[in-house]
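See below for the structure under consideration.
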2 protein chains.
Amino acid sequence: MDIPDIIISRLPRYLHILEYLSRQGIQTTSSQEMGVLLGLSSAQIRKDLSQFGEFGKQGTGYEIPFLIQQLRNILKVNQTWKIALVGAGDLGHAIARYQGFENRGFYIAAVFDKDPEKIGRSIGTLRIEDIKTLAPRIREEGIRIAMLTVPAAEAQAVTNDLVVAGIQAILNYAPVVLKVPTGVLVKDIDPINSLQHMTYYVGK
Amino acid sequence: MDIPDIIISRLPRYLHILEYLSRQGIQTTSSQEMGVLLGLSSAQIRKDLSQFGEFGKQGTGYEIPFLIQQLRNILKVNQTWKIALVGAGDLGHAIARYQGFENRGFYIAAVFDKDPEKIGRSIGTLRIEDIKTLAPRIREEGIRIAMLTVPAAEAQAVTNDLVVAGIQAILNYAPVVLKVPTGVLVKDIDPINSLQHMTYYVGK
DNA sequence: TAGATTGTTAATCGATTAACAATC
DNA sequence: TAGATTGTTAATCGATTAACAATC
């Protein structure tokens, strides 16, 4: 019982389209329909889901609200996670104002920056806090996940602080390969990697 | 001669750390050293690179400037690509102001929005243009790549316009699965997918 | 019942790794 | 030369797909 990470990586996409279908008022779907929407084979979707239980019915497929509930449980987003956002530059501001987190399992609980000009200012209902208070505030709030939007040159130092503060997962927007101890997860959001991947295929 | 996409997907990361090592003033590296930096096996890196040629020397490894040049050629980022940015909201503004594109093969050549309040305003040196002029402007500028930062509800309609205008690759920030004809590439940047992937592993 | 679709097995396909001769 | 590291082969490992009995 140790499910391949590549399967886990597809579950958020399954959940996402199920929520989309549900918003359309659709109650039931099939591995076939999901596969068309995601560009995957129906066999793969059935195989992936069967790792966690028997969620469907022969002949009719999957009850969407039930499958959503199951996937939220599996991914642990039936609860709402607090996030610490570190770096209140342009990108940090955009993320802090983004409305899409809350009903998908997350909300920004605190924002930090080191710039005295920014500390104390507000982004929506959030107040920008002094990065010096990062560790105590993260512990105080019981935050386990951070989003990192500081400049590349500062990313590793801030990461070290986050690790000390007990952060267990970091979504890193800085174009840097972060070093973290085992047990701490990092995922990178680097648009340039995605763009360069596509230019390989795009005609000159 | 059709190289697996999973290999292509790693090349931008190779290029990225080589540029990093180069900035440190380092001239030479090995598959071993690159593997440590990226968390990959040295065998995999050698195998990946060997798909495209013999870039190393036994005993000494890889000349960094030479390997950078080769990877840029392969990924076609030895030229600079124009990008159309569609959607001048918070995220669009953050991307338009981001300094990190230019020396990695890209620059934002035009920004579009549909809001009359925004059209005509500036973001840095860029003027926000009317989205109604999307297709002619993209053709005029010879733009092949777009970044999409419009609201989810508008993403598919704008995508259709981009396709008609001849765009060949779309980096999509809207939390929506876009439908495009074959021949048009789409890559999604969805932080929530990444966060939900991590929460599977993070203790409650 | 007839039609549809699941969960699962076995076969296929593809990717990664170990190992080493070649050679700088 | 001795040490290091490549490029590549063969073996291993893992993921995807095809197919179908079970059954709603």
Side-chain angles (χ1 to χ4, degrees), chain A residues 1-15 17-18 21-22 26-71 73-74 197 200-201, chain B residues 1-15 17-18 21-22 26-71 73-74 197 200-201:
Chain A
M1 127 97 241
D2 193 62
I3 291 154
D5 184 63
I6 195 154
I7 292 182
I8 306 303
S9 75
R10 286 190 288 261
L11 301 184
R13 302 175 60 205
Y14 298 164
L15 178 55
I17 58 142
L18 290 165
L21 292 169
S22 183
I26 299 166
Q27 293 291 320
T28 296
T29 188
S30 64
S31 57
Q32 168 71 24
E33 182 177 42
M34 291 175 68
V36 170
L37 286 170
L38 290 169
L40 303 174
S41 76
S42 62
Q44 181 168 67
I45 290 171
R46 290 198 302 280
K47 189 118 208 276
D48 285 356
L49 294 175
S50 75
Q51 303 291 316
F52 302 94
E54 305 194 359
F55 301 141
K57 282 199 179 64
Q58 287 102 325
T60 59
Y62 301 92
E63 288 287 317
I64 290 173
F66 174 75
L67 188 52
I68 286 174
Q69 196 48 56
Q70 295 300 317
L71 285 171
N73 283 341
I74 293 163
H197 186 173
Y200 177 83
Y201 297 102
Chain B
M1 134 93 241
D2 194 60
I3 291 155
D5 184 64
I6 194 154
I7 291 182
I8 307 303
S9 75
R10 286 190 288 261
L11 301 184
R13 301 174 62 206
Y14 298 164
L15 178 55
I17 58 142
L18 289 165
L21 292 170
S22 184
I26 299 166
Q27 293 292 320
T28 297
T29 188
S30 64
S31 57
Q32 168 71 25
E33 182 178 43
M34 291 175 68
V36 170
L37 286 169
L38 290 168
L40 303 174
S41 75
S42 63
Q44 181 167 66
I45 290 171
R46 289 198 303 280
K47 190 117 207 276
D48 285 357
L49 294 175
S50 75
Q51 304 291 314
F52 302 94
E54 306 195 357
F55 301 142
K57 283 200 179 63
Q58 288 100 325
T60 59
Y62 300 93
E63 287 288 317
I64 290 174
F66 175 75
L67 188 52
I68 286 175
Q69 196 47 55
Q70 294 300 317
L71 285 170
N73 283 340
I74 293 163
H197 186 172
Y200 176 84
Y201 297 103

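Lettering follows sequence order; numbering is per chain, from 1.
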Check whether any side-chain nitrogen or oxygen of B:Ser31 sits under 4.0 Å from OP1 or OP2 of D:dT6, and answer yes or no. yes
Between P of D:dT1 and CD of B:Gln58, the distance in whole Å: 17 Å
According to a strict under-4.0 Å criterion, is B:Arg46 in side-chain N/O contact with OP1 or OP2 of D:dG7? no
Smallest heavy-atom separation, A:Leu18 atom then A:Ile64 atom, equals O-CG2, 3.6 Å
CD (A:Glu33) with more than 12 external heavy atoms under 6.0 Å: yes
With respect to the side chain of B:Glu54, which nucleotide from D:dA22, D:dG7, D:dA15 is positioned closest? D:dG7
In whole angstroms, the gap separating P of D:dT6 from CG of B:Leu67 amounts to 11 Å
Interatomic distance, A:Gln32 CD vs D:dA19 P [rounded to whole Å]: 15 Å
Shortest side-chain distance from A:Ser50, nucleotide among C:dG7, D:dT8, D:dT6: C:dG7
Between A:Asp5 and B:Tyr200, is there a side-chain donor-acceptor contact under 3.5 Å, judged purely by atom types and distance? no
Examine D:dC24: is either OP1 or OP2 under 4.0 Å from a nitrogen or oxygen in the side chain of A:Thr60? Give yes or no. no
Side-chain N or O of B:Tyr62 versus OP1/OP2 of D:dG7: is the shortest distance under 4.0 Å? yes
Return yes if a side-chain donor-acceptor contact under 3.5 Å exists between A:Ser42 and A:Arg46, otherwise no. yes
Find the partner of C:dA11: check Watson-Crick (N1-N3 plus N6-O4 or O6-N4) and G-U wobble (N1-O2, O6-N3) distances, both under 3.5 Å, and reply none if neither fits. D:dT16
Integer-rounded Å distance: C:dT16 P and B:Asp48 CG: 7 Å
Would you mind pulling out the nucleotide paired to D:dA21, Watson-Crick or G-U wobble, both distances under 3.5 Å? C:dT6
Roughly how many Å is it from CZ in B:Phe66 to P in D:dT6, rounded to a whole number? 14 Å
Starting at the 5' end of DNA chain D and moving along, which residue's nearest nucleotide shows up first, A:Ile6 or A:Lys57? A:Ile6
Which of these passes side chain to side chain contact (heavy atoms under 4.5 Å, CB included) with A:Tyr14: A:Leu49, A:Leu37, A:Leu67, A:Ile68? A:Leu49
Separation of C:dG7 C1' from A:Leu49 CG (nearest whole Å): 11 Å
Quick check on C:dT16: is either OP1 or OP2 less than 4.0 Å from any side-chain nitrogen or oxygen of B:Gln44? yes
Could you check how far CD1 of B:Ile7 sits from P of C:dG14, rounded to whole Å? 13 Å
For atom CG of A:Leu38 and atom C1' of D:dT16, their distance in whole Å: 16 Å
May I ask you to verify if any side-chain N or O of B:Ser41 is less than 4.0 angstrom from the OP1 or OP2 atom of C:dT16? no
If you only use heavy atoms from C-beta on, which nucleotide in C:dT8, C:dT6, C:dC24 is closest to the side chain of A:Lys47? C:dT8
